[in-house]
Amino acid sequence: MVKLRLFGSFLAVLFGSAMIASGFNLFLIPHRLLSGGVSGLAMLAGYFTPFNISLLYLLFNIPLLAAGWFQLGRRFILLSIVSVGATTWMMTVVPVFQVSSDMLLASVFGGVLVGVGAGVSFRVGGSSGGFDILGSIITRYRDFPVGSVLVGLNGLVILAAAYFDDNWNLALASMVSIYVTGKVVDLIHISHIKVTVYIITNRTDELLQQLLGLQRGVTKFKTEGAYSHVERDMLMTVTTRYELAELKRIIKTSDPQAFVNIVETVGVMGSFRKR
């Protein structure tokens with residue numbers, strides 16, 4: 001089962017790499033736009049030097065992958081290495097072709113494709129390399145949305161593009177692309193969104209046995225129905241949107257008659273384990 005999940009993760013990363021390479025070669029590079037981060041640095045260097053952008057993308061990622069190996073765990077970096085290697089290869093396979101002659105449309109759709117690719121890699125526990133690794137290191141210690149962190153880091157690349165190319169239209173269009181990418185990443189990679197789940201049940205022990213296996217804290221309350229005066233237990237737990245599907249499955253399996261209230265949580269103070 002574990003091997004099957006790992007294989008599925010590799011397939012998802014390969015799909016994400018194809019999306020990223022398509023966003024680069026079909027939308028961004030034909031207009032000399034930047035995607036931000038390490039890929040943006042590779043594009044910037046490739047536009048002004050004879051070096052191949054895909055090769056520069058690989059070379060710039062190597063030191064970040066090495067740093068992430070010690071900070072983020074082997075599985076994360078292994079999937080990231082697969083993503084970077086696959087993206088590098090697919091950039092040589094997907095032709096550089098201008099799909100849209102409109103620079104703004106190209107920046108938006110290029111950003112969407114890159115965001116989908118990066119978000120899928122994050123969703124299965126990896127990354128697309130580059131500043132994604134830096135963003136993951138930062139969010140490991142500060143509970144920020146990954147996409148928003150990447151937007152901030154990528155602003156430096158945009159300033160460099162405006163300075164070297166002396167073209168603020170390209171820089172501003174690149175900012176649009178990076179913003180769209182960040183928002184799409186946050187839509188797919190939802191582990192930073194917290195929810196509080198209240199469960200009123202008659203099968204407390206059976207539910208607790210399953211819920212505690214999720215390695216999330218659970219608080220038990222004694223409640224009484226205002227109309228029926230029947231005493232029941234209420235369980236409260238805080239989890240993430242990413243883990244919510246598994247939590248719902250457990251509740252439906254253990255107690256299909258349970259009353260469940262799910263509330264989005266603005267913030268959490270105290271001990272909350274990040275994944």
Side-chain angles (χ1 to χ4, degrees), residues 12-47 52-58 60-61 64-65 79-100 102-124 126-136 145-158 160-161 170-190:
V13 168
L14 292 176
F15 170 78
S17 298
M19 293 295 98
I20 293 172
S22 298
F24 288 168
N25 287 3
L26 300 180
F27 293 96
L28 301 183
I29 292 178
H31 289 275
R32 294 173 66 87
L33 297 172
L34 303 180
S35 70
V38 167
S39 57
L41 290 174
M43 290 176 182
L44 191 62
Y47 294 153
N52 184 272
I53 294 177
S54 61
L55 179 60
L56 291 170
Y57 174 78
L58 176 63
F60 289 169
N61 268 292
L64 291 172
L65 291 169
L79 290 173
S80 300
I81 290 172
V82 173
S83 176
V84 170
T87 301
T88 301
W89 175 70
M90 289 181 183
M91 286 180 69
T92 64
V93 174
V94 177
V96 177
F97 176 76
Q98 189 181 94
V99 173
S100 173
D102 188 295
M103 184 172 60
L104 183 58
L105 285 176
S107 68
V108 171
F109 282 95
V112 169
L113 287 178
V114 174
V116 169
V120 167
S121 294
F122 271 123
R123 188 70 179 258
V124 297
S127 80
S128 58
F131 278 9
D132 291 353
I133 295 176
L134 287 180
S136 296
V146 174
S148 299
V149 172
L150 297 182
V151 170
L153 292 173
N154 291 332
L156 297 174
V157 179
I158 294 301
L170 290 176
L172 293 173
S174 296
M175 288 179 66
V176 171
S177 177
I178 292 171
Y179 178 81
V180 171
T181 296
K183 288 302 179 183
V184 173
V185 167
D186 283 342
L187 285 174
I188 299 174
H189 180 66
I190 54 177

Between [X] and [Y] (side chain of the first, backbone of the second, donor and acceptor by atom type, cut-off under 3.5 Å), is there such a pair?
| X | Y | result |
| --- | --- | --- |
| Ser121 | Gly117 | yes |
| Thr92 | Trp89 | yes |
| Ser177 | Ser107 | yes |

Separation between [atom1] of [X] and [atom2] of [Y], rounded to the nearest 0.5 Å:
| X | Y | atom1 | atom2 | result |
| --- | --- | --- | --- | --- |
| Leu170 | Met175 | CG | CE | 13.5 Å |
| Ile53 | Phe60 | CD1 | CZ | 10.5 Å |
| Ser174 | Arg32 | OG | CZ | 10.5 Å |
| Ile81 | Asn61 | CD1 | CG | 10.0 Å |

Tell me, please, which residues at least two apart from [X] pass side chain to side chain contact (heavy atoms under 4.5 Å, CB included).
| X | answer |
| --- | --- |
| Val180 | Val112, Val176, Val184 |
| Ala86 | Leu14, Ser17 |
| Val114 | Phe24, Leu28, Thr181 |
| Leu113 | Met19, Ser22, Phe27 |

**Prompt:** Which heavy atom in His31 sits nearest to a heavy atom in Ser100, and how many Å separate them?
**Reply:** NE2-O, 2.6 Å
**Request:** Please name the pair of heavy atoms, one in Met90 and one in Ala21, separated by the smallest distance, quoted to 0.1 Å.
**Result:** CB-CB, 3.7 Å
**Complete:** Sorted by chain and residue number, the side chain to side chain donor-acceptor pair (under 3.5 Å) partners of Thr88 (sequence neighbours excluded) come out as none
**Partners meeting side chain to side chain donor-acceptor pair (under 3.5 Å) with Asp102 (sequence neighbours left out)** = none
**Item:** Leu187 and Lys183, any side-chain heavy atoms less than 4.5 Å apart
**Value:** no
**Request:** Flag the pair Pro95 / Asn25 as yes when at least one side-chain heavy-atom distance between them is below 4.5 Å, and no otherwise.
**Result:** no
I'd like a table of donor-acceptor pairs (distance under 3.5 Å, sequence neighbours excluded) in which one partner is a side-chain atom from residues 37-47, with atom names and distances.
| from | atom 1 | to | atom 2 | distance (Å) |
| --- | --- | --- | --- | --- |
| Ser39 | OG | Ser35 | OG | 2.4 |
| Ser39 | OG | Gly36 | O | 2.9 |
| Tyr47 | OH | Leu33 | O | 2.8 |

**Message:** How about CZ on Phe109, more than 12 heavy atoms from neighbouring residues, nucleotides or ligands closer than 6.0 Å, or not?
**Reply:** no
